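Report on the structure given below.
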Amino acid sequence: MTIFSKIIAGEIPSYKVAEDDKFYAFLDINPVNWGHTLVVPKEETDYIFDIDDATLGEMMVFAKKVAVALKKAVPCRKVGVTVLGLEVPHAHIHLVPLQKEGDMDFSSKISNPDAEKMQWIAKNIAEEFNA
Ligand code: 5GP
């Protein structure tokens with residue numbers, strides 16, 4: 001079971017921002033920028049391009065809804081999208097609010113993000129998602 005499956009199952013806490021029957025979105029614990037969100041499929045697949053076409057399409061549409069909510073909750077020029085996936089073997093899309101290109105620099109992360117601030121950001125994104 002991957003760490004993300006444990007998060008989805010509620011065995012490990014997360015700053016959840018959105019969920020449906022197939023996908024789950026939560027804040028990255030070491031964000032590259034405030035509002036950095038991960039979108040994951042509930043069914044465990046390591047490599048995103050091993051996901052079947054229909055599910056991958058649904059995942060991207062779910063990520064779009066999260067990005068729309070994220071952009072309202074954390075004002076930015078655009079929400080950046082990337083897939084790295086070298087660390088956790090459970091496919092995930094990174095969504096990062098961008099004011100400038102450097103806001104998506106994975107070599108510089110916020111290492112101990114303030115828990116109250118993370119909670120507040122997650123709540124605001126969730127409210128926009130569910131609006
Ligand atoms: P990647 O696999 O895309 O290279 O990196 C995995 C991402 O997941 C990293 O940005 C890392 O900060 C995040 N991450 C790893 N473990 C956890 C965790 O337990 N909780 C949360 N919220 N994020 C995690």
Side-chain angles (χ1 to χ4, degrees):
M1 199 181 195
T2 67
I3 195 157
F4 291 166
S5 289
K6 289 180 182 167
I7 285 173
I8 294 161
E11 291 171 23
I12 293 176
S14 69
Y15 299 102
K16 176 178 153 180
V17 305
E19 180 177 17
D20 72 5
D21 56 331
K22 288 190 177 169
F23 308 104
Y24 190 94
F26 56 106
L27 296 186
D28 193 297
I29 201 66
N30 293 127
V32 298
N33 198 11
W34 295 108
H36 179 177
T37 297
L38 301 175
V39 173
V40 300
K42 290 187 173 176
E43 190 178 312
E44 231 176 68
T45 303
D46 175 2
Y47 182 43
I48 193 162
F49 295 129
D50 284 335
I51 295 174
D52 69 85
D53 292 1
T55 306
L56 185 59
E58 288 171 356
M59 184 174 172
M60 197 43 98
V61 171
F62 180 82
K64 176 182 174 180
K65 288 179 192 157
V66 175
V68 168
L70 176 55
K71 193 168 186 295
K72 288 178 186 160
V74 182
C76 54
R77 288 176 61 195
K78 287 184 179 175
V79 172
V81 184
T82 197
V83 176
L84 300 172
L86 294 177
E87 194 185 311
V88 179
H90 186 142
H92 50 282
I93 295 172
H94 294 261
L95 299 175
V96 180
L98 301 177
Q99 294 293 356
K100 55 186 187 312
E101 275 186 24
D103 288 340
M104 203 152 166
D105 176 2
F106 281 80
S107 64
S108 116
K109 292 179 153 192
I110 303 167
S111 55
N112 265 315
D114 180 75
E116 270 184 34
K117 183 164 180 175
M118 292 285 275
Q119 192 65 59
W120 183 77
I121 290 170
K123 180 173 162 285
N124 286 342
I125 302 168
E127 281 175 3
E128 293 293 353
F129 185 85
N130 294 312

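Atoms within a ligand are numbered from 1 in the order they appear, just like the ligands themselves. These figures come from a predicted structure and were not determined experimentally.
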Exercise for the section: Go through the steps for Tyr24 and Phe4 under the test ring pair (Phe, Tyr, Trp, His ring centres under 6.0 Å), then give the verdict. Expected result: CA-CA 9 Å; Tyr24 190 94; Phe4 291 166; 9.6 Å; no
Practice task
Please check if the side chain of Thr37 supplies one atom and the backbone of Gly35 the other of a donor-acceptor pair under 3.5 Å.
Solution key: yes
Practice task
Please confirm whether Val88 comes under 4.0 Å of ligand 1, counting heavy atoms of the residue only.
Solution key: yes
Practice task
Could you tell me whether the side chain of Lys22 reaches within less than 4.5 Å of the side chain of Glu43, counting heavy atoms only?
Solution key: no
Exercise for the section: Can you pull out the closest protein heavy atom to atom 15 (C) of ligand 1? Residue, atom name and distance to 0.1 Å, please. Expected result: Glu87 OE2, 3.7 Å
Practice task
Give a yes/no on ligand 1: does Ile7 have at least one heavy atom closer than 4.0 angstrom to it?
Solution key: yes
Fill in the blank from the handout: The protein heavy atom nearest to atom 17 (C) of ligand 1 is Ile29 CG2, 3.9 Å
Practice task
Taking the side chain as every heavy atom from C-beta outward, state whether Ile125 and Leu27 have any pair of such atoms under 4.5 Å apart.
Solution key: yes
Problem - Location of contacts on Leu27 toward ligand 1, heavy atoms closer than 4.0 Å - result: backbone
Practice task
For Lys109 and Ile29, indicate whether the former's side chain and the latter's backbone hold a donor-acceptor pair under 3.5 Å.
Solution key: no
Practice task
Could you tell me whether the side chain of Glu44 and the main chain of Ser5 form a donor-acceptor pair under 3.5 Å?
Solution key: no
Practice task
Mark the output for Phe106 as yes if a heavy-atom distance to ligand 1 is under 4.0 Å, and as no if none is.
Solution key: no
Problem - Distance (rounded to the nearest 0.5 Å) between His94 NE2 and Leu38 CG - result: 5.5 Å
Problem - Per-residue contact class, Leu38 against ligand 1 - non-hydrogen pairs under 4.0 Å - result: side chain
Completion exercise
Counting heavy atoms under 4.0 Å, the part of Ile3 that contacts ligand 1 is side chain
Completion exercise
In ligand 1, the atoms that come under 4.0 Å of a heavy atom of Lys109 are 9 (C), 10 (O), 11 (C), 12 (O)
Handout entry: atom 13 (C) of ligand 1 [closest protein heavy-atom partner, distance rounded to 0.1 Å]
Key = Asp28 OD2, 3.3 Å
Problem - Under 3.5 Å donor-acceptor, Asp103 side chain and Lys100 backbone - result: yes
Problem - Min N/O separation Gly85 to ligand 1 under 3.5 Å - result: yes
Problem - Under-4.0 Å heavy-atom contact with ligand 1, by part of Tyr15 that carries it - result: neither
Exercise for the section: First locate atom CD of Glu19, then atom CZ of Phe62, and finally report the distance between them rounded to the nearest 0.5 Å. Expected result: 7.5 Å
Practice task
Check each atom of ligand 1 against the heavy atoms of Phe4 and keep those under 4.0 Å away; list them by number with element.
Solution key: 8 (O), 24 (C)
Problem - Heavy-atom neighbours of Lys42 NZ exceed 12 at 6.0 Å - result: yes
Problem - Side-chain heavy-atom pair Glu128, Lys71 within 4.5 angstrom cut-off - result: no
Handout entry: Ligand-side contact atoms (ligand 1) for residue partner Phe26, heavy atom cut-off under 4.0 Å
Key = 21 (C), 22 (N)
Problem - Ser14 heavy atom under 4.0 Å from ligand 1 - result: no
Completion exercise
Under 4.0 Å from one or more heavy atoms of Leu84, ligand 1 contributes atoms 3 (O), 4 (O)
Fill in the blank from the handout: shortest atom 1 (P) of ligand 1-to-protein heavy-atom contact is with His92 NE2, 3.2 Å
